[in-house]
Amino acid sequence: MGANDFQQAVTLHRPAKIATPQGPWSVEAIQELLDKPLMDLLFEAQTVHRQHFPEGDIELATLLSVKTGGCPENCGYCPQSAEFDTGVKAQKLMEVDEVVRAAQAAKDAGATRFCMGAAWRAPKDRDVEKVAVLVEAVKGLGMQTCATLGMLEPHHAHQLKAAGLDYYNHNLDTAPEYYTDVVDTRTYQDRLDTLANVRSAGISVCCGGIVGMGEQSVHRAGLIAQLANLNPYPESVPINSLVRVPGTPLADSEPVDPFDFVRMIAVARITMPTARVRLSAGRQQLGDAVQALCFMAGANSIFYGDKLLVTGNPDVEADTVLLRKLGLKSRQMQEQAEGCAA
Ligand code: SAM
Ligand code: DTB
Ligand code: SF4
């Protein structure tokens with residue numbers, strides 16, 4: 001084959017240029033993406049990813065459970081519900097200096113965002129006052145702040161914004177029609193109302209879901225449609241793989257096919273091109289190779305630190321090695337590299 005023939009063969013096999021797709025998204029359109037051959041989906045997601053983010057950039061966010069267990073809700077996945085016997089010991093809200101110590105340690109280890117979680121259905125006025133003090137203190141360390149406290153009233157959202165809260169995490173978790181199979185102490189509309197209150201207060205939205213709760217593929221498509229059609233769509237999208245905690249109603253759910261998990265990341269990236277898509281709970285079960293595929297699919301954030309809220313997460317050393325192997329760099333790693341080059 002001559003040089004021209006070779007060039008022609010290459011041209012013929014070059015994939016069509018991918019235009020960044022636009023919403024609103026139908027469940028059917030998302031289902032079509034989920035059903036694509038995996039390599040085509042990965043290629044499309046990585047193409048969209050590179051149009052919006054610098055190559056190799058990854059965000060590290062550290063979680064801390066500031067108020068653990070004893071929650072009155074019955075979310076079937078959650079080890080912190082008072083209804084389930086999971087061995088989680090209820091603890092009251094942590095003191096400010098303890099939280100600041102944990103946030104400083106997370107910052108020193110390289111995290112840029114600190115997310116405080118509380119096992120409340122909805123915080124009371126006095127709870128929000130106390131969390132506002134925590135937010136202000138963590139913000140004072142120069143970190144991005146995030147909180148996840150359950151349902152918020154508009155005045156709570158304004159109070160947290162005034163204290164310096166950057167993000168509020170409140171997940172939709174699954175499609176509306178599967179929601180009552182997972183939790184029945186609140187409605188999908190309750191979740192949407194809190195998201196609207198957070199948005200109106202000027203706080204950035206962190207909202208995603210869980211894969212592996214016995215849902216069908218159409219429910220996964222339905223979750224992504226809900227997220228991508230929020231106007232605007234969330235700035236952060238955590239995609240969790242269910243951590244099957246003994247004692248929770250979902251403990252015996254069928255494990256997710258790892259490639260189906262990767263597909264969810266890819267479709268989140270394609271439908272929400274500028275969002276931070278976070279590869280969230282469940283990384284311990286995924287292994288390095290599947291995590292690498294998730295980054296290829298457009299994940300550019302992880303929970304970083306040995307613990308999520310009450311369950312485990314890969315340790316910092318393992319993550320540092322993995323990121324180095326894959327050539328991914330957090331902000332701290334980028335600054336260190338620039339310092340060495342100067
Ligand atoms: N109580 C608040 C709420 O429900 O929004 C905040 C804490 S709650 C633990 C935050 C999120 O963690 C849930 O919405 C869910 O998506 C995720 N989560 C909880 N348990 C999980 C599990 N076992 N596996 C994966 N994700 C989980
Ligand atoms: C999110 O989407 N996942 C995080 C965070 N937001 C708050 C929580 C995961 C919890 C996993 C089980 C646990 O440790 O409680
Ligand atoms: Fe409570 Fe949140 Fe757990 Fe549901 S997910 S039981 S609201 S802590």
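This is a predicted model, so every value here is computed, not measured. Remember, it's 1-based here, ligands and their atoms both numbered in the order they're listed.
Less than 4.0 angstrom separates atom 8 (S) of ligand 1 from none of the non-hydrogen atoms of the protein.
In terms of protein heavy-atom proximity, atom 12 (C) of ligand 2 is closest to T311 OG1, 3.5 Å. Regarding atom 4 (Fe) of ligand 3, its nearest protein heavy-atom neighbour is C75 SG, 2.2 Å. With respect to atom 3 (N) of ligand 2, the closest heavy atom belonging to the protein is N240 OD1, 3.0 Å. Atom 1 (Fe) of ligand 3 has as its closest protein heavy atom C71 SG, 2.3 Å. For atom 26 (N) of ligand 1, the closest non-hydrogen atom on the protein side is I210 CD1, 3.5 Å. Of all protein heavy atoms, the one closest to atom 6 (N) of ligand 2 is N169 OD1, 3.3 Å. Nearest to atom 20 (N) of ligand 1 among the protein's heavy atoms is Y77 CD1, 3.4 Å.
Across D173, T68, T86, V183, heavy-atom proximity to atom 15 (C) of ligand 1 is greatest for D173. Across the listed options V310, L242, V243, V310 owns the non-hydrogen atom lying nearest to atom 15 (O) of ligand 2. When the heavy atoms of M151, M213, R191 are ranked by distance to atom 5 (O) of ligand 1, first place goes to R191.
Of the N and O atoms on the side chains of D173 and Y77, at least one donor lies less than 3.5 Å from an acceptor on the other residue. No hydrogens or angles considered: a donor-acceptor pair under 3.5 Å links the side chains of D184 and N74. D125 and Q159 are not linked by any side-chain donor-acceptor pair at a separation below 3.5 angstrom, with hydrogens and angles left out of the test. Residues S200 and N197 bring no donor and acceptor atom of their side chains to less than 3.5 Å of each other. Side chains of S236 and R113: a donor on one and an acceptor on the other come within 3.5 Å.
Contact record, V262 with A297: O-CB, 3.8 Å, taken as the closest heavy-atom pair.
Within the 4.0 Å heavy-atom shell around ligand 1 one does not find G117. No heavy atom of S280 sits closer than 4.0 Å to any atom of ligand 1.
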Open item on the list: Could you go through L326 and Q291, starting from their C-alpha distance and side-chain angles, then the distance that decides it, and tell me whether this counts as side chain to side chain contact (heavy atoms under 4.5 Å, CB included)?
Closed with: CA-CA 10 Å; L326 301 179; Q291 290 188 68; 5.8 Å; no
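Contacts between A118 and ligand 1 below 4.0 angstrom, taking non-hydrogen atoms only, involve the backbone exclusively. The proximity of T148 to ligand 1, defined as any non-hydrogen pair under 4.0 Å, involves the side chain as well as the backbone. Contacts of N240 with ligand 1, taken as heavy-atom pairs under 4.0 Å, involve the side chain alone. Contacts with ligand 2 closer than 4.0 Å are made by no heavy atom of V245, backbone or side chain.
Among the atoms of L309, some N or O lies under 3.5 angstrom from an N or O of ligand 2.
The nearest N, O or S atom of C78 is not closer to atom 4 (Fe) of ligand 3 than 2.8 Å.
By the 4.0 Å N-to-carboxylate-O rule, E95 lies too far from R101 to be salt-bridged with it. Remark: K139 engages D166 in a salt bridge, criterion side-chain N to carboxylate O under 4.0 Å. Electrostatic pairing of D319 and R283 counts as a salt bridge here, judged by a charged N lying under 4.0 Å from a carboxylate O.
Summarising the geometry, atom CZ belonging to F84 is positioned 9.5 Å from atom SG belonging to C71; distances are rounded to the nearest 0.5 Å.
The aromatic rings of H49 and F53 lie parallel to each other, their planes meeting at an angle below 30°, with 60° marking the opposite boundary. The aromatic rings of Y188 and Y179 sit perpendicular to each other, their planes meeting at more than 60°, with 30° as the lower class boundary.
Within ligand 3, the atoms closer than 4.0 Å to a non-hydrogen atom of A119 are 8 (S), numbered from 1 in the order shown. The distance from ligand 2 to the heavy atoms of L63 drops below 4.0 Å at these ligand atoms: 4 (C), 5 (C), 7 (C). For ligand 2, the atoms sitting less than 4.0 Å from at least one non-hydrogen atom of P238 are 2 (O), numbered in the order shown with element in parentheses. Ligand 2 places these atoms under 4.0 Å from at least one heavy atom of T148: 7 (C). When each atom of ligand 2 is checked for a heavy atom of F303 under 4.0 Å away, the hits are 1 (C), 3 (N), 4 (C), 5 (C), 6 (N). Proximity to Y77 (heavy-atom distance under 4.0 Å) selects the following atoms of ligand 3: 5 (S).
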